[in-house]
Peer 1: 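So that we are looking at the same thing, I have put the structure below in structure tokens.
In what follows, residues are counted from 1 in the order of the sequence shown.
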Amino acid sequence: MHASKWGRLVRGFIGRQRSASSWTPVCLQKPQHTVTCHTSAGSVDPDELRRFQSLAGKWWDDHGEFAALHALNDLRVPFIRDNLMNVHRTCVPGKPLGGLRILDVGCGGGLLTEPLGRLGANVLGIDPVADSIGTAKLHSSIDPDLRNRVRYRACTLEELSAEREGGGREEQGVAQFDAVVASEVVEHLADLETFGLCCNHVLKPGGSLFITTINKTNLSYALGIVAAEQLLRIVPSGTHDWEKFISPVELERLLESNGFSVGSVRGMLYNPVSGVWCWTDSTAINYALHAVKVRDDPEAHQAEGRGPPHPLPEGHAEAAHS
């Protein structure tokens with residue numbers, strides 16, 4: 001009964017929000033300078049690092065602060081798997097992602113890294129919080145099936161991207177990955193332009209980028225911060241900063257300026273009463289995005305002043321930004 005009431009409440013909010021002026025998408029202005037992956041500040045926010053440092057030992061408590069992320073695997077794992085299977089036809093029985101190399105950016109304790117490894121992918125999880133990486137390594141060591149598929153490093157995306165071939169590491173950063181995953185990460189970053197450029201840098205041509213994040217609407221503030229953090233305590237207070245949220249339109253334009261073409265955007269909705277996520281037609285709160293790398297040199301592209309990359313073939317895009 002409570003779950004049903006929550007669903008009706010949220011649907012009512014969404015219906016009213018669709019006609020509100022706050023839904024008008026805000027377009028990103030074209031950057032006035034060339035962005036590189038090697039900026040001194042980088043995309044990582046020091047305040048966010050300190051916040052996640054304090055939670056590093058709690059990643060695998062599926063009833064604790066990260067319960068919603070555990071539940072989100074029911075949507076994001078199939079979303080990643082199915083989109084990759086549409087591009088890559090693997091022939092490993094029971095391992096639909098066999099032979100693919102995936103980079104999990106901001107992996108935390110490995111909540112998403114591990115299930116992708118169990119699907120057959122070779123996954124590298126990176127996170128700037130060393131204690132979270134320690135938690136991830138310890139947890140994955142329990143499962144022998146992950147031993148040769150999942151690896152972790154305490155580093156940033158910029159640091160990985162800066163590595164060049166011949167540096168002695170198996171997971172060199174340049175154009176090595178079939179897919180990059182950044183799930184519930186971009187709303188914590190300080191520099192999305194650097195993030196987009198570095199994602200392009202580490203992906204192979206035609207590689208996939210998967211993002212799940214939070215839209216920047218009045219509804220996302222009401223439910224994602226006021227309700228989730230201050231009233232229901234689903235996540236710790238201060239976890240999110242509404243000013244860092246980004247709309248699907250803004251994110252798509254940012255990615256297009258960095259050599260990607262967005263093929264799929266889907267809305268997601270969390271029910272805190274049942275603890276279950278579901279897909280929804282509205283992207284007003286949470287959404288998942290799949291983009292494909294269509295260009296290798298976004299810096300040169302921006303310098304020449306050309307328009308966005310060519311769209312994907314007809315029929316590839318799966319959803320509008322409703």
Peer 1: Taking all non-hydrogen atoms of both residues, which atom of A136 and which atom of E114 are closest, and how far apart?
Peer 2: O-OE2, 4.4 Å
Peer 1: If every non-hydrogen atom of G108 is compared with every non-hydrogen atom of W59, which pair is closest and at what distance?
Peer 2: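 Distance-wise, the nearest heavy atoms are CA-CZ2, 3.4 Å.
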Peer 1: Within the distance-only criterion (no hydrogens, no angle test), does the side chain of E159 pair as donor or acceptor with the backbone N or O of T156 below 3.5 angstrom?
Peer 2: yes
Peer 1: Heavy atoms only: give me the nearest C107-D127 pair and the separation to one decimal.
Peer 2: N-OD2, 3.5 Å
Peer 1: Give a yes or no on whether the backbone of L100 and the side-chain of D178 come within a donor-acceptor separation of less than 3.5 Å.
Peer 2: no
Peer 1: How close do R147 and S141 get, heavy atom to heavy atom, and via which atoms?
Peer 2: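 Scanning both residues completely, I find the closest heavy atoms to be NH2-O, 3.7 Å.
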Peer 1: Describe, in one word, how the ring planes of W277 and Y270 are oriented to each other, choosing from parallel (under 30°), tilted (30 to 60°) and perpendicular (over 60°).
Peer 2: tilted
Peer 1: Which heavy atom of G117 sits nearest to which heavy atom of R149, and what is that distance?
Peer 2: O-CD, 3.1 Å
Peer 1: Does R76 use its side chain to pair, donor to acceptor, with the backbone of L69 at less than 3.5 Å?
Peer 2: yes
Peer 1: Using modelled atom types and a 3.5 Å cut-off, is there a donor and acceptor pairing between side-chain atoms of K293 and backbone atoms of L203?
Peer 2: yes
Peer 1: Please report the closest heavy-atom contact between K204 and A175, naming both atoms and the distance.
Peer 2: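 For K204 versus A175, the nearest heavy atoms are CG-O, 3.5 Å.
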Peer 1: Ion pair present between R118 and D143, side-chain N to carboxylate O less than 4.0 angstrom?
Peer 2: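 A salt bridge is present here (some side-chain N lies under 4.0 Å from a carboxylate O).
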Peer 1: Please work out which of the three classes, parallel, tilted or perpendicular, describes the rings of H70 and W60, given edges at 30° and 60°.
Peer 2: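 W60 and H70: perpendicular rings.
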Peer 1: Rounded to the nearest 0.5 Å, what separates atom OG in S261 from atom CD in E256?
Peer 2: 6.0 Å
Peer 1: Check whether T212 reaches the backbone of E184 with its side chain - one donor and one acceptor, N or O, closer than 3.5 Å.
Peer 2: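 Answer holds: yes.
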Peer 1: Any ion pair linking K244 and E187 (charged N to carboxylate O, less than 4.0 Å)?
Peer 2: no
Peer 1: Are the side chain of N215 and the backbone N or O of T217 linked by a donor-acceptor pair below 3.5 Å?
Peer 2: no
Peer 1: Taking E252 for its side chain and V249 for its backbone only, find out whether a donor-acceptor pair lies under 3.5 Å.
Peer 2: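 Between the backbone of V249 and the side chain of E252 there is no qualifying donor-acceptor contact (under 3.5 Å).
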Peer 1: Indicate if Y152 and L138 have the same hydrophobic cluster label, given that clusters are the connected sets of ILVMFWY residues with side-chain heavy-atom separations under 4.5 angstrom.
Peer 2: no
Peer 1: For L254, does its backbone N or O pair with a side-chain atom of N258 as donor and acceptor, under 3.5 Å?
Peer 2: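 Judged by distance alone, yes, a pair lies under 3.5 Å.
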Peer 1: Donor-acceptor pair, distance only, cut-off 3.5 Å: does the side chain of H201 make one with the backbone of S161?
Peer 2: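 Yes; at least one donor-acceptor contact below 3.5 Å.
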